[in-house]
Amino acid sequence: MADAELNFYFDPTCPFAWMTSKWVRQVSRQREYAVDWRFISLRLLNAHLDYSTHFPPEYEAGHTTGLRLLRVAAAVRASEGREPIGPLYEALGEQNFERGLVENTAEARAAQGSREAAEAALTRAGLPASFAAAVDDESWDTEIQRETDEALSLTGKDVGTPILHFRPPAGVAFFGPVISRLPSDEEAVRLWDHVVGLASFGGFAELKRSLREMPQLPSFGVAPGEAGQEQDWHAGSRRLKK
């Protein structure tokens, strides 16, 4: 693929990464630039934590699903190159977030990482369904860990997903922007210009608030034009208080 003007590190089960990716694609349709879709695993990022004390009950299953689907993406990339990863991520996002309300249980989150779910997304992306066998292949975890470490080396460790690296390799990278609503086309470009403006200043480090609306996605029961209920995502993930 052409040299990327943006490296986008995603976990396929993070709703905020999906919202940001929709915005990035929205801007890309108006301004041509190349995006390299790269991997970051929330499950590997949080491997040192005890999920039972740090997260709500469904998080371990959700993060594990993300790792399983990234194994599929890694297998695709090794065989077919980098170009299919954008369409595959788009197919996974549409499948996980755009098809209606998803029950917020460990069972529902785990089902999103099944071999059958991976096969459906691969087919939607025009790729062989046989790549779905990689969901259980832990040999891909080394590569996913390497790319997760690569993302964190650009931002520091106290972050989540997505991570955006502007004008790599020399440009600035940071976590976010985290958005809960999809802007209009005009707003999308304006937001992009502001974000790129911040990224263009090497001394910029952080803007942050932990209050977030639930993302404007059918999987959360939030319809287009509506604003989701605001919650405090302290530590970026609604972790349980100790």
Parallel under 30°, tilted from 30 to 60°, perpendicular over 60°: which one fits the rings of Phe97 and Trp18? parallel
Strictly below 4.0 Å, N to O, side chains only: are Glu5 and Arg31 in salt-bridge contact? no
Aromatic centroids of Trp192 and Tyr33 separated by under 6.0 Å: yes
Let's go through Ile179 and Leu191 carefully: what are the C-alpha distance in whole Å and the side-chain angles of both, what is the deciding distance for side-chain contact (heavy atoms from CB on, under 4.5 Å) to 0.1 Å, and is it a yes or a no? CA-CA 11 Å; Ile179 60 175; Leu191 175 60; 4.2 Å; yes
Any donor-acceptor N/O pair, Gln26 side chain to Pro183 backbone, under 3.5 Å: yes
With a distance cut-off below 6.0 Å to the six-membered ring centre and an angular limit of 45° from the axis, does Arg25 pair with Trp37 as a cation-pi contact? yes
Shortest non-hydrogen contact from Ala91 toward Arg124: CB-CD, 3.9 Å
Might you point out which heavy atoms bring Leu152 and Leu45 nearest each other, and give the distance in Å? CD2-CD1, 4.0 Å
Parallel under 30°, tilted from 30 to 60°, perpendicular over 60°: which one fits the rings of Phe8 and Phe10? tilted
Note: Ser41 and Ile144 closest approach over all heavy atoms is CB-CG2, 3.7 Å
Is the ring pair His63/Tyr51 parallel, tilted or perpendicular, if the boundaries are 30 and 60 degrees? perpendicular
A side-chain contact here means heavy atoms from C-beta on lying under 4.5 Å apart; do Leu164 and Pro177 qualify? yes
Verify the cluster assignment for Leu198 and Val189: are they in a single hydrophobic cluster under the rule of side-chain heavy atoms below 4.5 Å apart? no
Short N-O contact, Asp141 and Arg43, less than 4.0 angstrom: no
Less than 4.5 Å apart, any side-chain heavy atom of Glu138 and any of Arg71? yes
Could you tell me whether a side-chain N or O of Ser210 sits under 3.5 Å from a main-chain N or O of Asp232, the two making a donor and an acceptor? no
Does Arg77 come within less than 4.0 Å of Glu147, counting only side-chain N to carboxylate O? yes
